[in-house]
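Reading through the structure tokens given below for one structure.
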Amino acid sequence: MDFLTETLEAIDCEVERVEYRDPAGVLKVNLIGRKGPDTGKRGLALLGHIDTVPAIGWSMDPFEARIADGKMYGRGSCDMKGSVACMIEAASRYATSNLGAPLYVVITADEEVGYFGASAVAEKSEMFKKHGFPQYGVVGEPTELHAVYAHKGAVRFTVTAHGRAAHSSTGAGDNANLKLIPFLAEMRDIYHELTNDTQYFNDEFTPPFTDWNITISDGECAANITSPLSVCSINYRPMPGDDSQVWIDRARDSAERHGLVFHLYIDAPPVRTPPDAEIIQAALKITGETEPTTVAYSTDAAVFSQHMETVIIGPGSILQAHTVDEWMALDQFPQGVSIFSQFVERFCVA
Ligand SMILES: [Zn+2]
């Protein structure tokens, strides 16, 4: 973020650093770069993040960009430092004097763990308090440069059972896994409801149902120890129009009935910008497509779309995001710059 502060200043942006403490107490920084006039117009934001998922099992140094075979390898090359580079390159091509409405480049932290950076920007930015939020936003996540008008939300919670460790032969222990089992049975029922009952389906999405993905961990407790701690994590992706609170409440009630500890730590709503909205129609003109599409994953648009009209479109493919030896095809870079520049032309150039 220090490097990007200098980079944005070097292309004549006024830069605001929006800092916050993450849930672990670590200081994090988001950046907002702004260029353009103060005419009261709210302008356009190019929106990206530079945090990544962890890099485990790589065949090369994940934190050094390596260019080979027409690809740039590196953690975040695709999701989404590559896209952020395209945004900065696009922004560098416009002089302040050529802009009739302000152009913002917003770079967040903690997108991958729950949109904490975007939330801090939305709540705390002095620049946005002074000028108002931008009118339009382009979230540059990897969509292979297809225009995306809607995505699912993200809800994540843990449910924890506490027991007591002992040598399992003694009968003196208290197995946390046993306490979790009745709760798990009820979560399985919800899973079947959400993935089988078509009243909960939304045909705008592929697949048309949510995941309600259940994982369990007791820390690989050995078979001759009574498990002292067992944690169930559930990931749920609500779709536009879903009442996510109903399902969250059912899980919480079940946890409490079984004496378990419920902890909701991500609750990001789905996104749906009407396909006939100006930003979506502009995206279709720019890409030459006839219909915008949807994706099943979530983005910072979960936060930003509450304040501006957003489209999700960016270089790279979600198929390479989060993978071992992540890469972005080199030809995506000039295409990304071209697409972002066309949004600037459309919404900022006088
Ligand atoms: Zn991303």
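The figures that follow rest on heavy atoms only: side chains count, while hydrogens, waters and symmetry mates do not. For the single chain, residues carry numbers from 1 onward in sequence order. Both counts, for ligands and for their atoms, begin at 1 and track the order of listing.
For the ring pair (Phe, Tyr, Trp, His ring centres under 6.0 Å) test, residues two or more places apart in sequence or in another chain that qualify with Phe262 are Phe157.
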Could you list the donor-acceptor pairs under 3.5 angstrom formed by side chains in residues 74-87, with sequence neighbours left out?
from	atom 1	to	atom 2	distance (Å)
Arg75	NE	Val53	O	3.2
Arg75	NE	Pro54	O	3.3
Arg75	NH1	Thr323	O	2.8
Arg75	NH1	Glu326	OE1	2.7
Arg75	NH2	Pro54	O	3.0
Arg75	NH2	Thr323	O	3.4
Ser77	OG	Met72	O	3.4
Ser77	OG	Gly74	O	2.8
Ser77	OG	Glu326	O	3.4
Asp79	OD1	His49	NE2	3.1
Asp79	OD2	His322	NE2	3.0
Ser83	OG	Gly140	O	2.7

Show me the donor-acceptor pairs, under 3.5 Å and distance only, between side chains in residues 131-138 and residues at least two apart or in other chains.
from	atom 1	to	atom 2	distance (Å)
His131	ND1	Arg34	NH2	3.4
His131	ND1	Asp38	OD1	3.2
Tyr136	OH	Glu278	OE1	2.6

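Within 6.0 Å of atom CD in Gln199, more than 12 heavy atoms from other residues, nucleotides or ligands are found, so the atom counts as buried in its surroundings.
Around the Zn ion (ligand 1), the protein contributes the following N, O or S atoms under 2.8 Å, ordered by chain and number: His49 NE2, Asp79 OD1, Glu141 OE1, Glu141 OE2.
Side-chain atoms of Asn98 never come within 3.5 Å of backbone atoms of Tyr94 as a donor-acceptor pair (strictly under, hydrogens ignored).
With respect to the salt-bridge test (charged N to carboxylate O, under 4.0 angstrom), the residues Lys179 and Asp174 qualify.
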